[in-house]
Amino acid sequence: MMRKKITIPEILQMKQAGRRITVLTAYDFPFARLVDDGGVDIILVGDSAGVVFSGHDTTLPVTMDEMLYHVKAVKRADPRALVVADMPFMSYQVSIEDACRNCGRMIKEGGAEAVKVEGGSSMAHVIRAVSTIDIPVMAHIGLTPQSVHRMGGYKVQGRKDQAERIMDDALAVQHAGAFAVVLEGIPAALAAEITAELTIPTIGIGAGPGCDGQVLVIHDILGLCEKYSPKFVKRYAELAPLISGAVKQYVDEVRSGEFPTEEHSFS
Ligand code: KIV
């Protein structure tokens, strides 16, 4: 059967049609295959790779070269899903020139079909410049992990008198040309209000059920990252004990001589 690649216009259309947009992260070839086979609309090559793949405490140390490596590996799986490359900290904040060049590298060298940048009104000029050169931009507002030090931790944003600022951020990124916006770690009622106000799709994570779509980190939903388990994550599998169990069995069998047998040998 022909696999029809998902495009940006189709993602926009999904909001109009009221069809919810499904997004998961992937950072390598096998997971990109599995996630695509599962039928997601968008694969986000997130800088969460820095935490769940590389073992850092935050996403801040992630580099352009590391992200390009992940994006290329994901693209080799030839996914039907739209591939969005996350822009790492300091690859787009310093100047418009840096932003355009680095976002361009994700498309030209990595093969991504869109990029994601964190920040609202303060990053609108970057979103405008990058989308003007025809690189589709997904924005990301609310709890933006690259702002961990300003926020004093990974804390819910947009409560009470902060709500207006988050709404302003949403309107600013839409106005600047973003094709979609991730709403992370904000009250569900505010996310629903933003979703009703915007014409571009909202993709929630820790933002309740009122968004146009949902994104989660693949390691979180599969129970592969036991270090953190945020309230907004639903675990659909518990793979960590399965994997350690398989490894333990292999170790036991090699030690006892039960493996390999003739069945696994050449004559
Ligand atoms: O890096 C990432 O995976 C993300 C999502 C969690 C939205 O930014």
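Order of listing sets the numbers, starting from 1, for every ligand and every atom in it. We count residues from 1, following the sequence as given.
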Check: Quick check, are the ring centers of His219 and Phe53 under 6.0 angstrom apart?
Finding: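 Here the rings of Phe53 and His219 have centres that are no less than 6.0 Å from each other.
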
Next item on the list: May I ask you to decide if Gly111's main-chain N or O and Lys75's side chain share a donor-acceptor pair within less than 3.5 Å?
Entry: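 Yes, because the side chain of Lys75 sits within donor-acceptor range (under 3.5 Å) of the backbone of Gly111.
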
Next item on the list: Give a yes or no on whether the backbone of Glu263 and the side-chain of Thr261 come within a donor-acceptor separation of less than 3.5 Å.
Entry: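 Such a contact is found between Thr261 side chain and Glu263 backbone.
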
Check: Could you walk me through whether Lys155 and Leu143 pass the side-chain contact (heavy atoms from CB on, under 4.5 Å) check?
Finding: CA-CA 7 Å; Lys155 297 177 179 165; Leu143 192 173; 5.8 Å; no

Note to self: Consider side-chain contact (heavy atoms from CB on, under 4.5 Å). Of Ile205, Ile42, Thr22, which one does Val215 pass it with?
What the structure shows: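 It is Ile205, the one option of Ile205, Ile42, Thr22 that forms the side-chain contact (heavy atoms from CB on, under 4.5 Å) with Val215.
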
I'd like to check whether [X] has a polar contact with ligand 1, where a contact means an N/O of the residue lying under 3.5 Å from an N/O of the ligand.
| X | value |
| --- | --- |
| Glu184 | no |
| Thr25 | no |
| Lys116 | yes |

Under 4.0 Å from any heavy atom of [X], which atoms of ligand 1 are there?
| X | value |
| --- | --- |
| Leu44 | 2 (C), 3 (O), 4 (C), 5 (C), 7 (C) |
| Gly46 | 1 (O), 2 (C), 3 (O) |
| His140 | 7 (C), 8 (O) |
| Ile205 | 6 (C) |

Notebook entry, point to check: Atom OG1 in Thr63, atom CD in Glu66: separation rounded to 0.5 Å?
Noted result: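 One finds 3.5 Å between OG1 of Thr63 and CD of Glu66.
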
Next item on the list: State, without any angle test, whether Gln157 and Glu184 hold a side-chain donor-acceptor pair at a distance under 3.5 Å.
Entry: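 No, Glu184 and Gln157 have no side-chain donor paired with an acceptor closer than 3.5 Å.
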
Item checked: contact_flag Glu118 ligand 1 heavy-atom lt 4.0 Å ->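 The answer is no, since Glu118 has no heavy atom less than 4.0 Å from ligand 1.
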
Next item on the list: Could you tell me the residue and atom name of the protein heavy atom closest to atom 2 (C) of ligand 1, and the distance to it rounded to 0.1 Å?
Entry: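 Going atom by atom, the protein heavy atom closest to atom 2 (C) of ligand 1 ends up being Ser48 OG, 3.3 Å.
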
